[in-house]
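Data block below; observations after.
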2 protein chains.
Amino acid sequence: MEKLEVLTKEKILEATEETLKRFGLTKTSVTDVANALDVSHGSIYRHFKSKAELFEGATEKWLDEKIIKPLTDVCKDSSMVGTQHLKTYIKTLIELKRCYAREDEELFKMYAKVTEESADLIHNHVSQITDQMSEIICRSSINVDDPHQLARTIFQATTRFHHPAHAYEWKSPTINSEFSNVWALIENGLS
Amino acid sequence: MEKLEVLTKEKILEATEETLKRFGLTKTSVTDVANALDVSHGSIYRHFKSKAELFEGATEKWLDEKIIKPLTDVCKDSSMVGTQHLKTYIKTLIELKRCYAREDEELFKMYAKVTEESADLIHNHVSQITDQMSEIICRSSINVDDPHQLARTIFQATTRFHHPAHAYEWKSPTINSEFSNVWALIENGLS
DNA sequence: CAAATGACAAATATCAATTTTTGTCATTTG
DNA sequence: CAAATGACAAAAATTGATATTTGTCATTTG
């Protein structure tokens with residue numbers, strides 16, 4: 001049997017996710033999360049210094065598990081090379097965001113909210129992605145001065161397809177062909 | 001002397017702009033606009049069938065005067081050719097949006113709100129821009145199957161720099177160099 | 001008779017009273 | 001003594017009563 005009695009950040013974050021799914025982003029209070037754990041809400045503040053920080057923690061965990069982990073697999077995948085690998089990486093990023101916007105609505109809303117409010121956390125998330133893109137670029141035969149800058153530039157040129165502010169546009173039936181066109185233009189520019 | 005007594009759409013839209021600047025987006029009511037014109041608010045509804053339509057009308061006028069008109073001048077400017085002309089066009093678009101986000105805050109807020117709510121109007125605005133881009137592409141030596149599709153693709157790849165949802169990012173000191181990088185990538189892809 | 005009015009109902013917004021939530025911290029518990 | 005509690009003040013959200021705004025339309029006006 002695990003030590004059920006010790007309250008950890010991880011347990012609080014899990015309870016936060018559950019509570020968000022149950023009550024929704026706007027209806028979830030720190031007290032609700034504490035109730036789900038059968039502790040006083042004061043105990044939460046021993047681990048997170050504000051509600052904002054708690055939600056940032058939950059977003060960080062969510063982004064790590066749902067977005068970064070699968071992307072790391074794509075990054076490590078040695079069966080692909082060059083622009084093909086890079087395209088698959090970006091396409092996976094876009095499809096993951098689109099998938100969770102539909103299928104994990106409340107947690108996606110939390111992520112969208114944190115994106116507007118916590119520049120630091122999102123900057124870090126973007127860095128993780130552009131670092132991996134940069135790695136793929138380095139392993140490729142793409143000739144470029146600054147692989148990391150190229151990664152950031154490609155990330156920015158595809159903003160419409162992965163930034164949560166554009167989630168409402170992802171329902172369009174032409175979205176895939178629009179990405180194809182943007183990618184074709186970028187890929188042309190890489191040679 | 002003009003016929004001061006006839007109430008026209010144009011006069012209502014002018015009063016709407018003034019009232020928006022005076023009271024701000026959230027504090028402007030149809031009644032306020034009617035008061036500014038010394039008419040009953042019922043008269044407004046003879047010309048616009050709802051407040052939403054009134055604000056859409058005001059946005060259309062604002063976009064036309066502040067964005068489309070100057071862009072038309074750039075489009076017609078025959079002193080430039082090819083990708084240089086196209087770059088100047090997009091750069092002007094981006095600079096105009098950035099300028100009005102700063103200097104015409106309340107009307108820009110109205111435009112941002114309408115962007116979220118009236119897909120039709122924005123679709124039309126985007127079409128005007130991509131039509132002009134397409135014209136520039138046609139006049140250039142760029143070799144391409146479908147100039148209009150290329151225009152849309154370039155427009156989408158630069159979303160981060162002209163879509164109002166990203167206005168908060170335009171304050172960054174690196175925004176110009178970021179656009180330069182994206183443009184360089186696109187331009188490379190055009191050859 | 002075309003244009004504007006103003007009375008009206010329904011939908012929204014506002015305000016102040018009340019409740020809940022957030023965040024702190026002195027005290028308690030194991 | 002480390003971890004959790006629960007009492008507390010301050011901030012924020014909710015509620016319900018009131019006022020404003022939106023939208024309609026029968027009537028008035030020029």
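Residue numbering restarts at 1 for every chain, and letters A, B, ... go by the order of the sequence lines.
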Legend entry - Residues, nucleotides or ligands: over 12 heavy atoms within 6.0 Å of B:Asn143 CG: no
Inset, instruction - Could you walk me through whether A:Glu187 and A:Lys87 pass the salt bridge (Lys or Arg N to Asp or Glu O under 4.0 Å) test, one step at a time? - result: CA-CA 9 Å; A:Glu187 193 171 316; A:Lys87 179 181 183 177; 5.7 Å; no
Inset, instruction - Answer yes or no: does atom CZ of A:Arg22 have more than 12 heavy-atom neighbours from other residues, nucleotides or ligands under 6.0 Å? - result: no
Legend entry - B:Phe161 six-ring face occupied by B:Lys97 cation (under 6.0 Å, within 45°): no
Inset, instruction - Give each stem of DNA chain D as a range with a range, requiring at least 3 consecutive Watson-Crick or G-U wobble pairs whose two distances are under 3.5 Å. - result: C:1-30 with D:1-30
Inset, instruction - Decide whether A:Ile142 and A:Ile136 are clustered together by the hydrophobic rule: side chain heavy atoms of Ile, Leu, Val, Met, Phe, Trp, Tyr closer than 4.5 Å, transitively. - result: yes
Legend entry - Note, A:Leu190 side chain near B:Leu185 side chain (heavy atom, < 4.5 Å): yes
For nucleotides 11-21 of chain C, tabulate all protein N/O to nucleotide N/O atom pairs closer than 3.5 Å, reporting atom names and distance.
residue	atom	partner	partner atom	Å
C:dT14	OP1	B:Lys27	NZ	3.2

Legend entry - DNA chain D: 5'-proximal contact among A:Gly42 and B:Tyr45 (nearest heavy atom): A:Gly42
Legend entry - 5'-most by nearest nucleotide on DNA chain C - A:His41 or A:Arg46: A:His41
Inset, instruction - Decide if atom CD of B:Glu105 counts as having more than 12 heavy atoms of other residues, nucleotides or ligands within a radius under 6.0 Å. - result: no
Inset, instruction - Identify the 5'-most and 3'-most nucleotides of DNA chain D with at least one atom closer than 4.0 Å to a non-hydrogen atom of chain A. - result: D:dA3 to D:dT14
Legend entry - Connected via hydrophobic side-chain network under 4.5 Å: B:Leu93 and B:Leu121: yes
Inset, instruction - Measure from NZ or CZ of A:Lys171 to the centre of the six-membered ring of A:Tyr168, then state whether that distance is under 6.0 Å and the direction lies within 45° of the axis. - result: no
Inset, instruction - Report, as yes or no, whether the 6.0 Å neighbourhood of atom CD on B:Glu65 holds more than 12 heavy atoms from other residues, nucleotides or ligands. - result: yes
